[in-house]
Protein chains: 2
Amino acid sequence: MHLALLDHMRKYVTITDEEATLICTKLKASTLKKKDFLLQPGKVCRANYFVSKGLLRLYFINKKEQEQITQFGLEGWWITDYDSLDTQKPSRFYIQAVEDAEVIAWDKTVQEELTQSFPQLETYFRKILQRAYAAAQRRIEYIYSYSDEERYRNFSTNFPGFVQRVPQYMLASYLGFTPQFLSKIRAKK
Amino acid sequence: MHLALLDHMRKYVTITDEEATLICTKLKASTLKKKDFLLQPGKVCRANYFVSKGLLRLYFINKKEQEQITQFGLEGWWITDYDSLDTQKPSRFYIQAVEDAEVIAWDKTVQEELTQSFPQLETYFRKILQRAYAAAQRRIEYIYSYSDEERYRNFSTNFPGFVQRVPQYMLASYLGFTPQFLSKIRAKK
DNA sequence: CGATTTTTTGAATCATATCAACGTACGTGG
DNA sequence: CCACGTACGTTGATATGATTCAAAAAATCG
């Protein structure tokens, strides 16, 4: 039984215990060691991953040959390259464990099979996507509203625990500036 | 009958003619004159809008009191403030017609009613959202990969027709820089 | 046509990047 | 469990891309 996932789903839709049992037989959990990869460029993304423990990051190598993090996956979030998952074309992204982690893989094939039988799963995923999309819109809004320094300060007051959990250079990458600049901001008091 | 919308939906899911008739009775089309608003800050967003003709923009007023466009809505795209629509809290956004336009309003109440009866609608909206979310992810990827000038040049080679359709200052706003800077880029040949 | 909206131009300024060097911490194997 | 090597963080000097402000020129609309 994948309790963390079931709890999460039941916040959005109704699932009976029998349904839960059946769904869970289709899913497999994996444990990841820090720095293990779930996805690498060139590979086709086969699943959507629910993070039940630990922390992952989704990143790519940009034009300047630098790692650019576009998303973190904390406990209770889904992480995947939807583009590759949907089109089954090779990904340009890495998904990697930042800390030891545990994920539940929801395969594309399982997705198609299960949503056939359980329409409320379709509702669940629509709601999850809606939340993810709203978050992405807010992120774009943020990028365009605030300077890099302001974004760092907002971020660390809003997520103080998270800031301590990741190396600074990853935070800088996620926020879209250099580690040196982050260091200088922090030095300013 | 809202043919543009039906065509669009049938690219993603199967809808019989009877279903189509029933669905269409729940929807209403509106025509908008250039500069008309579908949503303004402080109001609660009641619908998701399918753009069947013309061009809309979604924007907000940022910290520097400037209009910041976060999204355009072209023919065949949906546009809304998902956050306000979902939570029924007041929006911070404007949705406005850039050109004379026609939209089909898909009310939140209609959404709940229709997806009850037609599960494939849930699938349709999940797929639409997945596409929108993938686009938002790609946009963030772009912002972090290229300089403002590079982003403008990519954008205008990828969407040459679109660039001619909107005033330059809106394009600058969407791409996240000043109209003056856009003008200088263009002057450079 | 006049009024408004949009675009252009130039000079001064600012936020952030880059490079390079040095300091610190940390985990891994002996 | 210590020492070493690698990964991470800091600092300062210099460079750059983009903004701001102000004014004029051009385009569009009623």
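The sequence lines fix the lettering, A, B, ..., with proteins before strands; numbering per chain opens at 1.
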Q. Looking only at heavy atoms, which two atoms of Arg92(B) and Pro41(B) are closest? And how far apart?
A. O-CG, 3.9 Å
Q) Taking CG from Leu182(A) and P from dC8(D), how many angstroms apart are they, rounded to a whole number? A) 14 Å
Q: Using whole Å, report how far CD1 of Ile143(B) lies from P of dA18(D).
A: 13 Å
(Q) Can you see whether Gln120(B) engages Glu122(A) through a side-chain donor-acceptor pair at a distance of less than 3.5 angstrom? (A) no
Q. Just by distance, with hydrogens left out, do Asp81(A) and Ser91(A) show a side-chain donor and acceptor under 3.5 Å apart?
A. yes
(Q) When the axes are fitted on five pairs at both termini, how much does the helix from dC1(C)-dG30(D) to dA21(C)-dT10(D) curve, in 10° steps? (A) 50°
Q: Using atom CZ of Arg151(B) as one end and atom P of dG17(D) as the other, report the distance to the nearest whole Å.
A: 14 Å
**Q.** Residues in ring-ring contact (aromatic ring centres under 6.0 Å, His included) contact with Tyr169(A), at least two apart in sequence or another chain
**A.** none
**Q.** Of Phe181(A) and Lys64(B), the one whose closest DNA chain D nucleotide lies more 5'
**A.** Phe181(A)
Q: Among Trp78(B), Tyr82(B), Trp106(B), find the residue that satisfies the side chain to side chain donor-acceptor pair (under 3.5 Å) test when tested with Asn48(B).
A: Tyr82(B)
Q) Just wondering, more than 12 heavy atoms not from Lys43(B) lying within 6.0 Å of its NZ? A) no
**Q.** Residues that Tyr94(A) engages under ring-ring contact (aromatic ring centres under 6.0 Å, His included), provided they are two or more places apart
**A.** Phe37(A), Tyr59(A)
(Q) Over all strands shown, is Ser183(A) touching base, sugar-phosphate only, or nothing at heavy-atom distances under 4.0 angstrom? (A) base
**Q.** Earlier contact from the 5' end, DNA chain C, for Lys35(B) and Gln180(B)
**A.** Lys35(B)
**Q.** Protein-nucleotide distance (Arg186(A), atom CZ; dT11(D), atom P), rounded to Å
**A.** 10 Å
Q) Is the NZ or CZ atom of Arg138(A) positioned over Tyr133(A)'s six-membered ring, under 6.0 angstrom from the centre and within 45° of the axis? A) no
Q. Can you tell me how far CG of Leu6(B) sits from OG of Ser52(B), rounded to the nearest 0.5 angstrom?
A. 11.5 Å
Q) Are the side chain of Thr115(B) and the backbone of Leu121(B) linked by a donor-acceptor contact shorter than 3.5 Å? A) no
Q. Is it the case that more than 12 heavy atoms not belonging to Gln116(A) sit under 6.0 Å from its CD atom?
A. no
(Q) Regarding Arg46(A) and Gln88(A), do their side chains bring together a donor and an acceptor under 3.5 Å, going by distance alone? (A) no
(Q) Assess whether a salt bridge exists between Lys28(B) and Glu102(B), defined as any Lys/Arg side-chain N lying under 4.0 Å from an Asp/Glu carboxylate O. (A) no
Expected rows: protein N/O vs nucleotides 25-30 of chain D N/O, under 3.5 Å:
none

Q) Under the 3.5 Å rule, do the base of dG9(D) and the side chain of Lys184(A) count as making a donor-acceptor pair? A) no
**Q.** Close approaches to DNA chain D from residues 168-175 of chain A, in residue order (heavy atom, under 4.0 Å)
**A.** Gln168(A), Tyr169(A)
(Q) Going 5' to 3' along DNA chain C, between which two nucleotides do contacts with chain B fall, using a heavy-atom cut-off of 4.0 Å? (A) dT6(C) to dA11(C)
(Q) Using salt bridge (Lys or Arg N to Asp or Glu O under 4.0 Å), reason through Lys53(B) and Glu75(B) one step at a time and then give a plain yes or no. (A) CA-CA 5 Å; Lys53(B) 234 176 67 190; Glu75(B) 296 93 351; over 6 Å; no
(Q) Output the rounded distance in Å from CD (Glu149(B)) to P (dA18(D)). (A) 7 Å
Q. Taking only N and O in the side chain of Thr178(B), is any of them less than 4.0 Å away from OP1 or OP2 of dA18(D)?
A. no
